[in-house]
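A short worksheet on the structure shown next.
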Amino acid sequence: MLKIYNTLTHQKEIFQPIEPNKVKMYVCGMTVYDLCHLGHARVLVVFDAMVRYLRYRGYKVTYIRNITDVDDKIIQRANENNEHIADLTERFINAMHEDAAQLGVLPPDDEPRATASMDTIINMIQTLMDKHYAYQASGEKHGDVYYDVSAFAHYGQLSGKKLDDLRAGERVAVDTDKDDPLDFVLWKAAKPHEPYWESPWGKGRPGWHIECSAMSTCCLGNHFDIHGGGQDLQFPHHENEIAQSEAATGEKFVNLWMHNGFVRINDEKMSKSLGNFFTVREILKLYKGEEIRYFVLASHYRSPLNYADQLLDNARSALTRLYNSLRGLTLPEEPSMDDEAIQRFTQAMDDDFNTPEALAVLFDLAGQVNRLRESDTGTASQKAAVLKKLANILGLLETEPDVYLHGGINAASENEIEQLIHARLQARADKNWAEADRIRDQLTEMGIVLEDKAGKTSWRRA
RNA sequence: GGCGGGAUAGCAAAGUGGCCAUGCAGUUGAUUGCAAAUCAAUCUACCUCGGUUCGACUCCGGGUCCCGCCUCCA
C-alpha cells in the first residue's frame, strides 16, 4: 500500500490514481539561463527515483517535466551575452540533459517548452479573461494581463495562507497597475527589443505561472495525479497554478502535491546572493554522477540536504562497499523474487519513498552476499541479483562493478596500472616483499587501491 | 507579524511504546607475507522540563534552540 505525503492535506495519504494503474505526473523543471546546480540535481534525482519505483510497482507512468525557456532572467542573460535567447536556452538545455544523464536520470516522457506552447498558454489566458478571473491592466501597462486573486475562492489552500495575512506581510511591492498587490501577471507586454509573441492583448510573453498550468493540462488533461517541485515553488508558483487551472477548467487540478526539501551548504540555504552554490559540473569534476545520486537519495526527499565534501566521500565509500559485494559474482538473469529483502525494500519505498531505509536494505543484502560468497556461491549470487535489482529501481548499481571501480577521475591509464600489478605479482612470486610493497606504494600514490584475493589481484580507484 | 518543518551516537541519516536501523569513521580479533577487501565483536544516541504508562527516544503538554516560506528561486 503506497502512501505519499500530500502538501495539500499535510499528511500521508494512500495513493489512489485517477485511472487504475496509471499515474500522470508533472514536475516543474528548470528555467534555462544557467547551469544546473545541486538543487536542480536534487529535483531531477528524487523524482526520477519515484517514477522508477512507481513503474516497478506496475503503474503506467506518464512523466512530464517542463522547460521554462523564456523569462526575465533569460532575456537579461542573453542581453549580457549579446546572444539570441534561443541560442542561450539551447545551450543550457543541452547542458542540463548531459548533467541529468550523468546523474542517472532517465528522460521524462515529454519535456514541453514554454516557447513551443504559446497557443495553449494564450488560450488559457483568454479563458480566464472570459470567465472574469483576469483583467488587463489600466494605464501605461495596458498590455499586461493579471490574474484577479480575489475571484478565486480557494486561493491559499496549498500554502495555507490567507489573503489578508499575505497583504499584511507588506513584503509585496505595491504596484498601482494591479487591482490588488497579490494579483499576478499572466501576460507581460514586451518592452522594446524584447522577444514577443502576438496575442489578443498585444505583443508580449507569458508570465511564469501560467505556462505550467497550460503545459501540464495540455500534456496530462485538466485533472491529473501528481504535481511536484522544489519546496520554494509551493508559494506562490504552485498556488497560482491551482488558481489558474481550476478557474479555467472548472475542475480539480491536481490530487497530490509533492515538494522536495532544499539543499543547504554549511547549514545555510544555497543561494546565489550568498555565493555558496555548486553547479553539478563543478561537483562532477570531483565525484561521479552516481556518487552524487547516492548522496541525494541517502536523505529523505522532504528533509533538508546539507552539502559537504565529506558526505560525498561517504557516498563514495558506501557505493564502493555495494559494488565490492557484487564484484566477481555471476548473477542469475532473474533473481528469485521471494526474498524478504524485497518486502522490506517495498515497505520502505511505499512509505512516502523512504530511500534511506531502502538503502539500508541494500547494505543488509551486501552483508549477506559477503558472508555467503565463499561457502554458498549460489545463494550469494541469488542475493547479489536481488541487491542489483533493488538498487536499479533507485537508479543505482547500473554499472558493471569492475567498470565502476576502475572508473574515476584520476588520470592513470589502465594499461599502466595493469603493468605495475603484473610486476608486483612477479615480485610476490619471488617473495621479494620490498619490491612488491614499493610497487603498491607507487600505485597508492597514483590513487589506486589493490586487493589481493585468492591468488588474484584486483584494483580500484580510491 | 502570519504559516510550516526540525532537534537521534564522532559525522550523516532512518525508525519504533519494551528486542539489530543503516553508511562512513574509531577500537579489538579473524584473515593476509604486510596491506586492502571481507567477516566477527565493540564503543559512542535519541535537546530540556513535566505528564500518561508496568515501561517512552517513540504518545501528550510547557520550554529552549535551529531552519524554511510569506519577493525571482529546485
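Lettering of chains follows the sequences in order, A, B, ..., and the numbering in each one begins at 1. Computed from a predicted structure; not experimentally measured.
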**Prompt:** Given the rule that a pair is Watson-Crick or G-U wobble with both distances under 3.5 Å, how would you write RNA chain B in dot-bracket, using | for pairs to a different strand?
**Reply:** (((((((..(((.....[...))).(((((.......)))))....(((((..]....))))))))))))....

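- One P atom belongs to B:U38, the other to B:C24, and the distance between them is 7 Å to the nearest Å.
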**Request:** Could you give me the CA-CA distance, side-chain angles and deciding distance for A:Asp452 and A:Arg428, then say whether side-chain contact (heavy atoms from CB on, under 4.5 Å) is met?
**Result:** CA-CA 11 Å; A:Asp452 297 329; A:Arg428 292 183 72 211; 3.4 Å; yes

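- Remark: the separation of the P atoms in B:G33 and B:C43 is 31 Å, to the nearest Å.
- Distance from the side chain of A:Phe235 is smallest for B:C69 among the nucleotides B:C69, B:A74, B:C34.
- Residue contacts shown for A:Asp71 are absent, as no nucleic acid heavy atom lies under 4.0 Å away.
- Side-chain atoms of A:Asn354 lie closest to B:A14 of the nucleotides B:A14, B:G33, B:A74.
- Nucleic acid contact for A:Lys431: none, since no nucleic acid atom lies under 4.0 Å from a heavy atom of the residue.
- Counting non-hydrogen atoms under 4.0 angstrom, A:Arg65 reaches nothing in the nucleic acid.
- Here A:Asp48 pairs with A:Arg52, A:Arg293 under the side-chain hydrogen bond (donor to acceptor under 3.5 Å, both in side chains) rule; sequence neighbours left out.
- A donor N or O paired with an acceptor N or O is not found under 3.5 Å between the base of B:A74 and the side-chain atoms of A:Arg42.
- Within 4.0 Å (heavy atoms only), A:Asn370 reaches sugar-phosphate atoms of the nucleic acid but no base atom.
- If you check B:G15, B:C34, B:C39 against the side chain of A:Arg371, the one that comes closest is B:C39.
- Atom C1' of B:C49 sits at a distance of 23 Å from the matching atom of B:C54, rounded to the whole Å.
- Remark: the A:Asp437 side chain and the B:G33 base include a donor-acceptor N/O pair separated by less than 3.5 Å.
- Using a 4.0 Å heavy-atom criterion, one finds that A:Phe363 contacts the sugar-phosphate atoms exclusively.
- The pair A:Glu13-A:Lys3 does not meet the salt-bridge criterion, since no charged nitrogen lies less than 4.0 angstrom from a carboxylate oxygen.
- Distance check on atom C1': B:U16 versus B:G55 gives 14 Å, rounded to whole Å.
- A donor N or O paired with an acceptor N or O is not found under 3.5 Å between the base of B:G23 and the side-chain atoms of A:Arg321.
- The side chain of A:Asn314 sits closest to B:G23 out of B:G23, B:G33, B:A36.
- Spacing between B:A37 and B:U31 at atom C1', rounded to whole Å, works out to 11 Å.
- Counting non-hydrogen atoms under 4.0 angstrom, A:Gly230 reaches the backbone sugars and phosphates but no base.
- Of the listed nucleotides (B:A36, B:A35, B:G68), B:G68 has the atom at the smallest distance from the side chain of A:Phe262.
- Residue contacts for A:Val263: at a heavy-atom cut-off of 4.0 Å it reaches a base atom on one of the strands shown.
- Among the nucleotides B:C34, B:A36, B:A14, the one closest to any side-chain atom of A:His300 is B:A14.
- If you take atom P in B:A21 and the same atom in B:U42, they sit 12 Å apart, rounded to whole Å.
- A salt bridge links A:Arg205 with A:Asp72; the closest basic N to acidic carboxylate O contact falls under 4.0 Å.
- Of the candidates B:U22, B:G33, B:A74, the closest approach to any side-chain atom of A:Ala360 belongs to B:U22.
- Looking at heavy-atom distances under 4.0 Å, A:Ser303 makes contact with sugar-phosphate atoms alone, never a base.
- Distance check on atom C1': B:G61 versus B:A56 gives 15 Å, rounded to whole Å.
- Using a 4.0 Å heavy-atom distance criterion, A:Lys269 is classed as a base contact.
- Side-chain proximity of A:Glu357 to B:A21, B:C69, B:C34: nearest is B:A21.
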